[in-house]
Amino acid sequence: MIVQSSRFRFLFPPIQKRIPSSLSFSVASSAMDSASPSMLFLCGKSSPESEIAKSLKINDTLNLPNGGKVSALLQSEINTFRFGEDAFNVDLFLNSLSTKRLGRFLIWSPLLPSTHDIVSHNFCELPVGTVCVADTQFKGRGRSKNAWESPRGCLMFSFTLQMEDGKTVPLVQYVVSLAVTEAIKDVCDRNGFPFINVRIKWPNDLYLNGLKVGGILCTSTYKSKKFNVSSGIGFNVGNEKPTTCLNTVLKELSTTPNEFRREDIMAAFFNKFEMLYDIFINQGFQTLEELYYRTWLHSGQRVIVREKNEDRVVENVVTIQGLTSSGYLLAIGDNNQMCELHPDGNRYLFLLLSLLKLPYDALEKFPDRKVTLTHCRTQLYFMGGI
Ligand SMILES: O=C(O)CCCC[C@@H]1SC[C@@H]2NC(=O)N[C@@H]21
C-alpha cells in the first residue's frame with residue numbers, strides 16, 4: 001500500500017515534551033497502523049555507529065519510497081515507549097554481536113512497510129553493513145513480486161553490502177542462505193538445543209521438515225563502479241503460520257521448554273556471515289561449496305528438464321551435480337551430457353516432479369505446497385527426487 005503524506009497522523013509527538021521521562025508510553029499494536037509514519041529506532045554497537053545515528057536523526061535523512069514518511073528516534077528513546085514483551089530486544093542483539101563491520105548499525109522498527117525498502121531506498125545514506133529489522137511488516141516483499149507474509153514472531157531483516165566484482169554478486173545469496181543455516185546450528189549448540197535440520201532449497205529458500213520456513217531476497221543496483229547489494233531474510237522463528245516455525249519444531253524435539261529468540265539468531269547470522277563472506281570474497285565460493293552441498297537438498301536429485309522447442313516439448317531426466325561457476329544448477333543427463341539449469345530462463349522451463357510423474361499443475365493440489373507457492377512462486381518447483 002502506498003501511503004500518501006497527507007494521511008499521516010503523528011501518533012507520537014516528541015515524547016520528551018509530553019510526558020515525564022520516567023513514564024513509559026504504551027504502544028498498542030492497533031495504535032500503530034500503516035498510515036502512521038514508521039518509527040525507526042537508530043541504534044549502534046559502539047560510539048561511531050551511535051554518532052551516525054544522531055546525525056541521521058538530526059538531518060532527518062531517512063525516508064521511504066513513494067514519499068512514505070518515517071519518524072527517526074534514537075536507541076535511548078526506546079524505553080520511553082512500551083512495546084510489549086515480544087518486541088525485538090536491541091540490547092540483546094547488540095551484546096551478542098561480535099562482528100567488525102556488519103550489523104553494527106541497527107535500525108529497529110515495531111512496524112514498517114518493508115525492511116528491504118528501508119535499506120535499499122536509503123542505501124547511500126547508510127553505512128555499509130547496516131541492518132534493519134522489524135517486528136511486523138505491512139508490505140513485506142518476496143521474490144518475483146510476491147508478498148511476504150510478515151506476522152509477529154517471524155524474523156525479518158535486511159542488510160547492505162557493497163561489492164566490486166559483478167561475477168560474484170549472483171553468488172552472495174548462497175552465502176546468505178548458508179549463514180542462516182549455520183547460525184541456527186550455532187544457536188542450537190550454544191543453548192544445548194537438539195539439532196534442527198534446516199536445509200537450503202535452491203535458489204533461495206530455507207526448508208524444515210519439508211516446509212518452507214524462510215526465504216532470501218537479494219537485490220542490487222550499480223553505482224559509481226560498485227554493486228550496492230541489499231539482502232533480506234525472512235525466517236519463521238515463532239510464527240506457526242503460514243507453514244511451520246523453528247519453535248514449533250523445537251518444542252516437538254525437546255523435553256524442556258526452550259525457545260529460539262530472534263535476537264540470538266540474527267546476531268549469530270552476522271557473526272557467521274561476516275566470516276563466510278570474507279572467505280567468499282578472498283577465496284571464492286569454491287571454498288564454501290562443500291558446506292553448501294551438505295546443507296542443500298539437491299545433491300544427486302533426479303529431475304525432469306522440460307525444454308520447449310517451438311511447439312515441441314522435449315523431456316529429459318538429469319541428475320543435479322552442483323552449481324555452475326555462475327551460480328546456476330549443474331546437471332548431467334543420462335547420456336552424460338552436462339547442462340546448466342536456470343530457474344526462469346527462456347531456454348528451459350523445467351519443473352522438478354516426484355517419482356509419481358505428476359502433471360505439472362499437480363502442485364496446486366497439494367495443500368501444504370499451496371502455502372509454499374503463495375510464499376514463493378518461481379518457475380522452478382522441487383518436489384523431491386525422482
Ligand atoms: O522467499 C522469498 O520470496 C524471499 C522472502 C524475503 C522476505 C524478507 S522479510 C525481510 C525482508 N523485507 C522484505 O520485505 N522482504 C525480506
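Note that this is a predicted model, so its numbers are computed, not measured. All ligand and atom numbering here is 1-based and tracks the order in the structure.
The side-chain hydrogen bond (donor to acceptor under 3.5 Å, both in side chains) analysis of residues 216-226, with sequence neighbours excluded, yields the pairs His116-Thr219. Judged as a ring pair (Phe, Tyr, Trp, His ring centres under 6.0 Å), the pairs with a partner in residues 39-58 (not counting sequence neighbours) are, in order, Phe41-Phe81, Phe41-Phe83, Phe41-Trp108.
The aromatic rings of Phe273 and Phe269 sit parallel to each other, their planes meeting at less than 30°, with 60° as the upper class boundary. Under the 30°/60° scheme for interplanar angles, the aromatic rings of Phe93 and Phe88 are found to be tilted.
In Asp205, the part holding a heavy atom less than 4.0 Å from any atom of ligand 1 is the side chain. Of all the heavy atoms of Asp117, none lies under 4.0 Å from any atom of ligand 1, so neither backbone nor side chain is involved.
Between Ile233 and ligand 1 there is a heavy-atom distance shorter than 4.0 Å.
The distance from ligand 1 to the heavy atoms of Lys212 drops below 4.0 Å at these ligand atoms: 1 (O), 2 (C). Taking every non-hydrogen atom of Ser114 and a distance limit under 4.0 Å, the qualifying atoms of ligand 1 come out as 12 (N), 13 (C), 14 (O). Listed by atom number, the atoms of ligand 1 under 4.0 Å from Ser158 heavy atoms are 11 (C), 12 (N). Short contacts between ligand 1 and Thr115, defined as distances under 4.0 Å to a heavy atom of the residue, involve ligand atoms 10 (C), 11 (C), 12 (N). Atoms of ligand 1 lying under 4.0 Å from any heavy atom of Arg141, numbered from 1 in the order shown and given with element: 5 (C), 6 (C), 7 (C), 13 (C), 14 (O), 15 (N), 16 (C). Every atom of ligand 1 is numbered from 1 in the order shown, and the set under 4.0 Å from a heavy atom of Ile216 is 4 (C). Distances below 4.0 Å separate heavy atoms of Gly140 from the following atoms of ligand 1: 14 (O). Close contacts between ligand 1 and Arg143 involve ligand atoms 1 (O), 2 (C), 3 (O), 4 (C) [criterion: under 4.0 Å to a heavy atom].
Under 4.0 Å is where a charged nitrogen must lie from a carboxylate oxygen, and between Arg190 and Asp186 at least one such pair does.
Within a 6.0 Å radius of CD in Glu259, no more than 12 heavy atoms belonging to other residues, nucleotides or ligands are found. Enclosure of atom CD in Gln162 by more than 12 non-hydrogen atoms of other residues, nucleotides or ligands within 6.0 angstrom is indicated.
Polar contact with ligand 1: absent for Lys139 (N/O pair, distance under 3.5 Å).
When each of Ser109, Ser120, Ser158 is checked for a side chain to side chain donor-acceptor pair (under 3.5 Å) with Thr115, only Ser158 meets the rule.
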